K.L.:
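Dumping the structure here so I can ask a few things about it.
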Amino acid sequence: MSDSTKKRTLDAFFRPPPKKARVSDNNDLKIGDSSTIDKDQSIETELKSLPSTIGRAINDQADLDLLYFEPYIPKYLEREVFQFLRKELFFYRVEYKIKRGGIETDIRTPRYTTVFGVDETSRFDETGEVVDASTGRKVEKDKNYSKYPPRPIPKCLDDLRSSTEAATGCKFNFCLVNYYASGSDSISYHSDDERFLGSLPAIASFSLGAKRDFLMKHKPVAPNDNAPPPAETKPIKLPLASGDMILMRGRTQANWLHSIPKRTGKNAEDGGRINITFRRAMVKGGTENYYNYNVGSGPVYKWDETRREMRLWKS
DNA sequence: TCATCTCCAGATGT
DNA sequence: GACATCTGGAGATG
């Protein structure tokens, strides 16, 4: 492979390529046995025409409001986007120590993470500098931005963000990316109900790569003598496939928990899954929080195509 | 400064 | 193997 597209940057991914770089001489862009159409031209066109299906509402339980696109990114594009993102993004694996019964244990957060974006009080100017959203003046030395300078959302992810805004009517300024390398990577039950997202936050969650189960259950409800007992709710299991998108909105985050549980046995080595979430942080504290917990100060990892695993990145 | 709450990975139980 | 529940240190909160 010696063509120019091999050197394409993350930002250039969905940009129209030079006219002469065609799929027929570009191994990177060949996808299985798909048709002979010019992928380079169609990628941008297709991205603008996403989603490829209409969303199905799942709102038949208390406090639950989901919109499920199966898929959002079409079959012929999904693999290519997965491989491209895994290859190009730098990932982090947040590490910390805890003491258990007096014994210090190293915890490696069981997934690779990264994050882009800045909260609603700021934006990026043309050069990528953080400026005040209303005055346009450069934001300097804010404690919330000093530890981890906010980074603009890369072009291809930002195009997906725009598409998602158009499809959902929601606004997003943050993009979190997780990579679950195998069935032993996971995330425990939690809600994305951080205060800095405001009340009733909408979060769009994309799946690429391996199919993984997405579990949801209602938060426990404290008994209340003055109120009638809450309606029964039943847990949900969605086997999220590559290209799928699930929008969680309304009272969902305030009342439901979700997780990606570990998987063993024949499902353990699944080839890896990328999760992209778009959110909207309202205040500067949200920016600091997201960079702190998704970038951190630990080592940097990058996908090694030869070894087919994440490797420590040495600059 | 202290008490309480929340978070979440890992251990344990079914 | 799947998954619910328990545990407990750390950081946030008031």
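Each chain gets a letter, A, B and so on, in the order its sequence line appears, and its residues count up from 1. Note that this is a predicted model, so its numbers are computed, not measured.
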K.L.:
How about A/Tyr301 and A/Tyr112: are their ring centroids closer than 6.0 Å?
P.N.:
yes
K.L.:
Counting the atoms with a prime plus P, OP1 and OP2 as sugar-phosphate, which does A/Asn267 contact under 4.0 Å by heavy atoms, base, sugar-phosphate, or nothing?
P.N.:
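A/Asn267: backbone/sugar contact only, no base atoms under 4.0 Å.
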K.L.:
May I ask you to verify if any side-chain N or O of A/Arg111 is less than 4.0 angstrom from the OP1 or OP2 atom of B/dA9?
P.N.:
yes
K.L.:
If you assign each of A/Asp193 and A/Lys262 to its closest nucleotide in DNA chain B, which residue comes earlier from the 5' end?
P.N.:
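Closer to the 5' end of DNA chain B: A/Asp193.
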K.L.:
Output yes when at least one side-chain N/O atom of A/Tyr189 is less than 4.0 Å from OP1 or OP2 of C/dT5, else no.
P.N.:
no
K.L.:
May I have the distance from A/Lys219 (atom NZ) to B/dC7 (atom P), rounded to whole angstrom?
P.N.:
7 Å
K.L.:
Examine A/Phe116 together with A/Phe174 and report whether their ring centres are nearer than 6.0 Å.
P.N.:
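Centroid distance A/Phe116-A/Phe174: not below 6.0 Å, so no.
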K.L.:
Ignoring backbone atoms, establish whether A/Arg108 has a side-chain N or O less than 4.0 Å from OP1 or OP2 of B/dA9.
P.N.:
no
K.L.:
Under 4.0 angstrom, heavy atoms only, what part of the nucleic acid is A/Lys237 near: base, sugar-phosphate, or nothing?
P.N.:
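If one applies the 4.0 Å heavy-atom cut-off, A/Lys237 turns out to touch the sugar-phosphate alone, with no base involved.
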K.L.:
Among the nucleotides C/dG11, B/dA9, C/dA2, which one has an atom lying closest to any side-chain atom of A/Ile187?
P.N.:
B/dA9
K.L.:
Between A/Asp132 and A/Arg137, does at least one N-O distance fall below 4.0 Å, as a salt bridge requires?
P.N.:
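No, no charged N to carboxylate O under 4.0 Å.
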K.L.:
For DNA chain C, whose closest nucleotide is more 5', that of A/Gly265 or that of A/Lys217?
P.N.:
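Looking at the nearest nucleotide for each, A/Gly265 comes out on the 5' side.
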K.L.:
Would you call A/Asp213 and A/Arg263 a salt bridge, using N to O less than 4.0 angstrom?
P.N.:
yes
K.L.:
Start at the 5' end of DNA chain C and walk down; is the nucleotide closest to A/Pro261 or to A/Asn292 reached first?
P.N.:
A/Pro261
K.L.:
Checking contacts here: which listed nucleotide (C/dA2, B/dA9, C/dG11) is nearest the side-chain heavy atoms of A/Thr264?
P.N.:
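Out of C/dA2, B/dA9, C/dG11, the nucleotide with an atom closest to A/Thr264's side chain is C/dA2.
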K.L.:
Any chance the rings of A/His258 and A/Tyr189 have centres within less than 6.0 Å?
P.N.:
no
K.L.:
Tell me the interatomic distance from A/His258, atom NE2, to C/dA4, atom P, rounded to whole angstroms.
P.N.:
15 Å
K.L.:
Measure from the side-chain heavy atoms of A/His190 and tell me the nearest of B/dA9, C/dT13, B/dC8.
P.N.:
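Comparing B/dA9, C/dT13, B/dC8 against the side chain of A/His190, the answer is B/dC8.
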K.L.:
Counting any heavy atom closer than 4.0 Å, what does A/Ser188 reach on the DNA or RNA strands: base, sugar-phosphate only, or nothing?
P.N.:
base
K.L.:
Can you tell me how far P of C/dA12 sits from CZ of A/Phe196, to the nearest Å?
P.N.:
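Answer to the nearest Å: 12 Å.
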